[in-house]
Student: 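Below: one structure in structure tokens.
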Amino acid sequence: MENPDEQWVDESATPLFDNYSRIGGRARARHTLSLDTQVRAVGSVDRAAVTVEHAQILELLANRWLSVAEIAAHLHTTMNVIRVHLSDLLEERLVAIGAPSGRHGRPSREDLQKVINHLRAM
Amino acid sequence: MKGQGVGPQSVKVIVAGGFGTGKTTLVGAVSEIPPLTTEEVLTQVSEGVDDTGGIESKTTTTVALDFGRRTIASDLVLYLFGTPGQDRFWFMWDELSRGATGAMILVDPRRLATSFPAIDYFEARGIPFVVAVNLFHGQRRNTLAEVREALQLEDSSVPLIECDARDAPSCRAALIALVEHAMARMPALPEAVG
Ligand SMILES: Nc1nc2c(ncn2[C@@H]2O[C@H](COP(=O)(O)OP(=O)(O)OP(=O)(O)O)[C@@H](O)[C@H]2O)c(=O)[nH]1
Ligand SMILES: [Mg+2]
């Protein structure tokens, strides 16, 4: 954050992501969500019916796939906190997770070739 | 699994190396977004057993993790994950390395030894890696052959390349070398392997 005072000025408009209040006690997420697992919001939801944290995640994931690590960074929290929230959202069918990469959770030779071609063409 | 969609596939590359070897700079040079950082809060049972009462003391530390992304295609994303500077956070490395295509290990030619733990780590786990010598001051004191000799790499086919972490084309070339090396190490017939 550029200006440390900003968070106070803006607090009422954009509440800070509450890291811990709603995940009490549960240390582990129930779904296996690795750092690069892709997640996207699905369906429509009444914002008033979900927690502030869930609403923030759903807003971030509207119309796009993002990785668990990116969600954590955008919301200034840790991946473990995000994992717990995403597990809840998965249970409620408000988010979808992308299929794991390739056959054994690893990218295919074709995907790696595409990466090389992209880097060469830049 | 329920709630699964198609979603883009991801290719994950680790950027490792000793303290201040240019990891964050390299991630930033390749990423299409400014490097993101997430602070992971870690609770660890501190080392050393309290032999008087068996009461373990827990310590909490934060470790910054930076990463970047490059969208290769609508269905394919490349992620670069920089390892935490201090190599005592091994379990963080374990999580980062899971499913990784390979690692780029940055070395500062003036302080080669700071990258030894990273080399040991990926060598021991059989994760493909390349060693990129970050030319901090443009001029180098040692030839690549001397660096290779000093690094004592187990596998002589591990690519050793020079790069400038601030220079995007140079970082891309190093990444290409890594992905090519990882592909060369893939089994020819994936079906034949369990
Ligand atoms: N001259 C020069 N400076 C560089 C180069 N690469 C990185 N630097 C500088 O060296 C310093 C360390 O680079 P970082 O990218 O922060 O290194 P790091 O490996 O992420 O450091 P830690 O996360 O603290 O371990 C920064 O001030 C960079 O600007 C280079 O190729 N040449
Ligand atoms: Mg760094």
Side-chain angles (χ1 to χ4, degrees), chain A residues 19-20 27 31-32 34-43 64-82 86-87 89-122, chain B residues 1-13 30 32-33 35-43 62-63 65-67 69-79 81 95-96 98-102 168-169 171-180 182-183 186-188 190-191 193-194:
Chain A
N19 288 341
Y20 298 107
H31 294 265
T32 310
S34 62
L35 333 145
D36 57 336
T37 297
Q38 303 284 320
V39 193
R40 186 186 176 117
V42 289
R64 64 167 169 180
W65 293 93
L66 273 187
S67 65
V68 172
E70 283 166 287
I71 300 167
H74 283 300
L75 295 176
H76 305 288
T77 185
T78 71
M79 287 185 281
N80 281 335
V81 166
I82 288 301
L86 288 175
S87 289
L89 290 166
L90 272 165
E91 292 291 322
E92 294 162 32
R93 296 172 187 271
L94 294 175
V95 297
I97 59 174
S101 290
R103 283 168 59 93
H104 304 287
R106 284 171 194 275
S108 64
R109 194 172 276 278
E110 289 69 39
D111 283 344
L112 294 184
Q113 191 58 54
K114 280 185 201 163
V115 171
I116 291 173
N117 295 346
H118 174 93
L119 292 170
R120 284 224 177 93
M122 275 169 66
Chain B
M1 194 192 285
K2 120 179 106 161
Q4 210 156 56
V6 179
Q9 298 281 287
S10 59
V11 172
K12 187 165 67 164
V13 162
V30 179
E32 71 197 6
I33 52 168
L36 294 169
T37 301
T38 159
E39 299 254 304
E40 292 308 301
V41 179
L42 309 168
T43 307
T62 20
V63 51
L65 192 74
D66 42 34
F67 59 97
R69 75 172 267 158
R70 198 147 254 296
T71 307
I72 306 297
S74 59
D75 58 355
L76 187 62
V77 186
L78 170 69
Y79 286 108
F81 281 94
E95 164 147 26
L96 285 171
R98 211 166 294 136
T101 291
C171 295
R172 288 200 297 268
L175 257 181
I176 290 168
L178 170 60
V179 179
E180 282 177 338
M183 281 177 80
M186 279 172 112
E191 289 79 7
V193 181

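Residue numbers start from 1 in every chain, and the chains themselves are labelled A, B, ... in the order their sequence lines are given, proteins ahead of strands. Keep in mind that the numbers below use all heavy atoms, side chains included, and drop hydrogens, waters and symmetry copies.
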Student: Could you look at A:S67 and say if it's the side chain, the backbone, both or neither that has a heavy atom under 4.5 Å from chain B?
Tutor: both
Student: Under a 4.5 Å cutoff for heavy-atom pairs, which residue among A:V39, A:T37, A:L94, A:L119 has the most contacts with chain B?
Tutor: A:L119
Student: Side chain from CB out, backbone as N, CA, C, O: work out which of these in B:L96 comes under 4.5 Å of a heavy atom of chain A, or both, or neither.
Tutor: both
Student: Checking B:L78 against chain A: side chain, backbone, both or neither under 4.5 Å from a heavy atom?
Tutor: side chain
Student: Just so I know, are the side chains of A:M122 and B:R70 near enough to count as touching, which here means a heavy-atom distance under 4.5 Å?
Tutor: yes
Student: Let's test your reading of the structure: which of A:V115, A:V42, A:N117 forms the most heavy-atom pairs below 4.5 Å with chain B?
Tutor: A:V115
Student: Heavy-atom distances under 4.5 Å only: say whether B:A73 touches chain A with side chain, backbone, both or neither.
Tutor: neither
Student: By a 4.5 Å heavy-atom criterion (distance strictly below it), what part of B:S74 contacts chain A: side chain, backbone, both, or neither?
Tutor: neither
Student: Measuring from B:F81:CZ to A:D36:CG, what's the distance to the nearest 0.5 Å?
Tutor: 6.0 Å
Student: Less than 4.5 Å apart, any side-chain heavy atom of B:R69 and any of A:L66?
Tutor: yes
Student: Where do A:W65 and B:P8 come nearest, in terms of heavy atoms and distance?
Tutor: CG-CD, 3.4 Å
Student: Heavy-atom pairs under 4.5 Å with chain B - which of A:Q38, A:R40, A:R120, A:E70 has more of them than the others?
Tutor: A:E70
Student: Give, for atom NZ of B:K12 and atom CZ of A:R106, the distance between the pair rounded to the nearest 0.5 Å.
Tutor: 9.0 Å
Student: Between CG of A:L112 and CG of B:L178, what distance do you get to the nearest 0.5 Å?
Tutor: 9.5 Å
Student: Would you say B:L76 and A:H118 make side-chain contact, with heavy atoms under 4.5 Å?
Tutor: no
Student: Between B:V11 and A:K114, does the side chain to side chain contact (heavy atoms under 4.5 Å, CB included) criterion hold? Intermediate values first, please.
Tutor: CA-CA 10 Å; B:V11 172; A:K114 280 185 201 163; over 6 Å; no
Student: Under a 4.5 Å heavy-atom cut-off, does chain B meet the side chain of A:R109, its backbone, both or neither?
Tutor: both
Student: Please give me the minimum heavy-atom distance between A:P107 and B:S10, naming the atom from each residue.
Tutor: CG-O, 4.0 Å
